[in-house]
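A short write-up of the structure that comes next.
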Amino acid sequence: MSMNRITRSAKALLITSAALAVGAPSIALAQSAAPSGGVEIGEIVVTARKRAEDVQTVPISISALSAKDLEARNISNMADLSNSTPGVAITSITGGTTLLIYLRGLAPANTANDLNVDGNVGVFIDGIYQTSRNTLDVISVLDPGQIEIAKGPQSALYGRSTFAGAMGITTKGPSHDLSGGFSATAGVDKDFRVKGTVSGPVAENLYGRLSAGYVTYDGYGKNAATSDKLGGFEKKAVAGSLEWAPTDTFTAKLSGFFTKSAVEATPSTLLPLSKFNCGTTNAATGLPTLYCGDATTPKTSDMSPDIPDTRSKNAQVALDMKWDLGWASFVSVSGVTASQNKAYSDYDLTSGGVQFGVCNLGAGCVANGAYTRLAKANLYVTSREKVRTVSQEFRLQSPDSSKLKWMLGGYYFNSMIPLSGSGLGVDSTGLAANERYVTVSQITTPTATGVGAYDFTANLFLSGDGSDHQVSGSYTKSATRTKSLFGSVGYELGKLRVNAEARYNIDQKRAQTFSITNLTSQPYLYPTIDGVHVPAAGVFPVASAPYRKTYKNVTPRFSVDYQFTPTIFAFATAAKGIRSGGFNTANAVSATGILASEVSYDEEENWTYEAGFKSRLLDRRLLLNASVFHTDWSNAQVSSYTDNPTAVNPVRIVRNAGDIKVDGFELQTDFQATDAIQIGGSLTYSDPKFQDGAYDASSITQCVTSAGAAATGCKVTTIKLANGATRVVPSIAGYRPQRAVKTQWNLHATGRYDVFDGWTAEGRVDVNYTGSMYNNLLNTVKIGSRTLTNVRLSLAKDNYNVSLWANNLFDKTYVANSINQPRSGFPSVYSIPEIYLGEGRRVGVTVSATY
């Protein structure tokens, strides 16, 4: 995806160049003069349908941001993108990694960290699908050429996890003339960024580009336990590309990047159990089992001071080639990616640590659990991942100028995940060789000596040799092999166009779990997984049966559009989106693991119907777009817990919960009021709701009383089981999926003024609103709305620019995300909210120069 500002006289050249683009949706932007001599809103050429088209004549809702747009809006990371783009919500956990993207409120109710679980929104970098959810930080350390977000199912042409839409990130390509650039940023909290690039001809018909970036940030969250802030990071990246055009009919582009990052823990707090106020009452504690209310967070956390940084490495190489055959074009897109990640988070969310008993019987502690003294220690959660992918796409397609447009393509993708592991550990360096930690209750004051409580942490699992060496109960190796055939055909009948697209997709999924937690209800000590090395055979003695399943589906999209006038365009579409099913691989089937019926879950699908118009009015000074959409979402996958009553761990699984319907609309406008003033805004409203029959089986203990009635804050329904019996379960009909934002809007204004001697001052203000959402299926824990204001003032002349900017100008305190987890020492019936603080005010100065 390439983006360049050009003059109207070069528009034909732009469209020709955009036609060479391949892979994920791409855009190019043209700023041109209006006939009256004024300034009009720029024209954008996209290839969202793998063809060069003006975005205002494409029957898809698209949010496109050029490098200049990203700079003007102060978007330097994915959190900024989420806060600034209506209809887009991005959340993260474990030190800012494991990014999840939601469009139009179609938040996946399944938020498992298993990388073999497809996301709702596919992310492509330079046209290559990203399996790892930790590669997206490329936008924070390199200068992306653009970001494009195509909303609604894109499965027909893009497949791979584009159930609700697709996001394309493009690194900049080579220039044909020698050019370069440099920028440096200094901001509060030791926010330093340096980026540089050089581009131009390398040899005859060969052009190259090399860029690098370095970013460091001390963080934004105070920690009561230390003077070091939370949420900081250090990131490095290098990217390069070569473009070869030996003839007028052949082009090839080789591109690649490498990123390396170290990210601190996100400032977080734990909701006190004393605030739980609804649900059933737990007999052991006498306290309610649910919280009903708003999630709030202080600006100061109290977290373990020595949590290791989350460390990630990501690399990619892509090769795009196109042959113009005259009657058609042949396109090849090849890609290889490699990612690895070591993530850490604070499990107990206290600086003082969790109270434990200390047993001095060595291996005998496993069967005994008796302790002779008390001690405190901090718990950490870790995850490990290693990902390797290869992909290949071929396309044969008619010229863009043809009235009859057709395309035929094939796609192969192989995602290999030799390691996806997680664990819970504690620093046991203060223990003698014969001592083990034993879990004691966190609800009451434990006695000085006694026998430890047995809960999901299973007493003696808690043993490690330092905070950077975490114990692991299981790990999974998995793979997905995808084969697809896709195509499209369309015809122009004057101002009327009709188009049909379809994809036949085969996903072959494989997985196997290796575990130590299911050997017996009281296993021996967990082993560690060093770095991201796959453990040796036998270290994890329990191996599940190899899981294998093939998913086949057809995903069509139909569109009809009409060009009423040169500047008014209307469209209607119907599209099907598919998200593959998969396996629950966090724990093997056993008396202490998951049930056999929970191993696999089915694919989910949606049909989205949309109608809208796109227009440029008032001598093309006013851009006004609007659309309405309806989605029928069936067999929704949700994140839940095993129903096995004897499970040692309340293992998180994915299950199919029911159907969802979504109604919504979008508005977008930009108005060039004068040559110097531009105002605009956008609004997305989306209201997804579970339908009758949808239920959350994992919350029965919290929501259903012993008499079969609904507890406070819950609804119940009765379902019929496979054996003919009935069961009362919590109903989620009428509720929104987790993290589904109903309303988002943005208002922005830009002013320019020529100050002196060729220098131009420009100011921009953005006001961004993100509505509330819920962190659980029961919709009891609410994450409140937020309104954030960003400003930027720049002074530019020729190739030089200096900017003063501020994000979250008024230092709004808000909750960025929240997840629920069982906690050590608490009965497993409690899933306690972990609440993440959003980034506060960030102010800085950026100086840049180009040549």
Side-chain angles (χ1 to χ4, degrees), residues 3-11 14 27-44 55-56 63-76 80 84-85 143-147 179 181-185 187 616-625 668-682 745-768 788-809 842-851:
M3 175 172 289
N4 302 286
R5 294 197 175 270
I6 63 170
T7 63
R8 183 177 292 275
S9 62
K11 183 177 179 182
L14 170 66
I27 65 173
L29 181 65
Q31 184 76 51
S32 52
S36 62
V39 178
E40 67 178 46
I41 304 298
E43 297 177 353
I44 301 175
V55 71
Q56 289 297 101
S63 295
L65 298 170
S66 68
K68 186 174 180 65
D69 293 328
L70 296 172
E71 179 183 23
R73 300 186 186 198
N74 301 341
I75 296 174
S76 63
D80 294 339
S84 303
T85 313
D143 287 322
Q146 60 148 55
I147 296 177
S179 63
F182 175 83
S183 69
T185 295
R616 296 180 183 275
L617 308 173
L618 303 181
D619 199 18
R620 303 175 68 88
R621 289 177 175 269
L622 173 66
L623 181 146
L624 181 62
N625 298 340
Q668 177 193 5
T669 184
D670 273 293
F671 178 49
Q672 195 75 50
T674 70
D675 290 356
I677 298 175
Q678 181 179 327
I679 57 176
S682 53
W745 55 257
N746 162 275
L747 293 174
H748 60 264
T750 302
R752 302 177 188 85
Y753 182 73
D754 293 332
V755 285
F756 60 88
D757 194 25
W759 287 90
T760 300
E762 179 175 313
R764 175 173 173 125
V765 58
D766 283 89
V767 181
N768 307 294
L788 306 179
T789 302
N790 300 341
V791 296
R792 189 179 190 93
L793 179 63
S794 63
L795 191 63
K797 180 181 180 181
D798 299 327
N799 299 327
Y800 303 97
N801 183 291
V802 57
S803 300
L804 173 66
W805 51 267
N807 281 8
N808 192 2
L809 178 65
R842 197 169 81 243
V843 180
V845 175
T846 299
V847 178
S848 62
T850 59
Y851 66 87

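Atom set for the values below is all heavy atoms of this structure, side chains included, hydrogens, waters and symmetry mates excluded.
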Side chain to side chain contact (heavy atoms under 4.5 Å, CB included) assessment of Leu623 paired with Gln668: CA-CA 8 Å; Leu623 181 146; Gln668 177 193 5; 3.9 Å; yes
Report the C-alpha separation of Asp80 and Asn790 in whole Å, then their side-chain angles, then the decisive distance to 0.1 Å, and conclude whether the side chain to side chain contact (heavy atoms under 4.5 Å, CB included) test is met. CA-CA 10 Å; Asp80 294 339; Asn790 300 341; over 6 Å; no
Please report the closest heavy-atom contact between [X] and [Y], naming both atoms and the distance.
X: Gly181; Y: Tyr851; answer: N-CE2, 4.1 Å
X: Val843; Y: Ala806; answer: CG2-CB, 3.9 Å
X: Gly763; Y: Leu793; answer: CA-CD1, 4.2 Å
X: Asn746; Y: Ser84; answer: ND2-O, 4.2 Å
X: Ala67; Y: Pro144; answer: CB-O, 3.4 Å

I'd like to check the side-chain contact (heavy atoms from CB on, under 4.5 Å) partners of Val802; sequence neighbours left out, ordered by chain and number.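 Partners of Val802 by the side-chain contact (heavy atoms from CB on, under 4.5 Å) criterion, ordered by chain and then number, come out as Leu795, Val845, Val847.
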Just jot down the side-chain contact (heavy atoms from CB on, under 4.5 Å) partners of Tyr753, sequence neighbours excluded, or say none.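 Checked Tyr753 against side-chain contact (heavy atoms from CB on, under 4.5 Å); matches are Val755.
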Could you measure the distance from the CG atom of Leu747 to the CD1 atom of Ile679? Nearest 0.5 Å is fine.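 Reported to 0.5 Å precision, the distance equals 9.5 Å.
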Roughly how far, to the nearest 0.5 Å, is CD of Glu762 from CD of Gln678?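 So the gap between those two atoms works out to 9.0 Å.
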Please tell me if the side chains of [X] and [Y] come closer than 4.5 Å, counting only heavy atoms from C-beta onward.
X: Thr85; Y: Leu65; value: yes
X: Ser76; Y: Arg842; value: yes
X: Ile677; Y: Phe671; value: no

Applying side chain to side chain donor-acceptor pair (under 3.5 Å) between Arg792 and each of Asp766, Thr750, Asn74, Asn807, report the one that passes.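 That would be Asn74; it is the only one of Asp766, Thr750, Asn74, Asn807 passing the side chain to side chain donor-acceptor pair (under 3.5 Å) with Arg792.
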Checking Asp670 against Arg616 for the salt bridge (Lys or Arg N to Asp or Glu O under 4.0 Å) test, could you report, in this order, the C-alpha distance in whole Å, the side-chain angles of both residues, the deciding distance, and whether it holds? CA-CA 9 Å; Asp670 273 293; Arg616 296 180 183 275; over 6 Å; no
Partners passing salt bridge (Lys or Arg N to Asp or Glu O under 4.0 Å) against Asp754 (at least two apart in sequence or in another chain):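 For Asp754, no residue satisfies salt bridge (Lys or Arg N to Asp or Glu O under 4.0 Å) once neighbours in sequence are set aside.
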I would like to know whether Asn768 and Arg73 meet side chain to side chain contact (heavy atoms under 4.5 Å, CB included); could you show each step before the answer? CA-CA 11 Å; Asn768 307 294; Arg73 300 186 186 198; over 6 Å; no
If you apply the rule side chain to side chain contact (heavy atoms under 4.5 Å, CB included), what do you find for Asp675 with Arg752, and how did you get there? CA-CA 8 Å; Asp675 290 356; Arg752 302 177 188 85; over 6 Å; no
Under 3.5 Å, is there a donor-acceptor pair linking the side chains of Asp69 and Gln146?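 Short answer, no.
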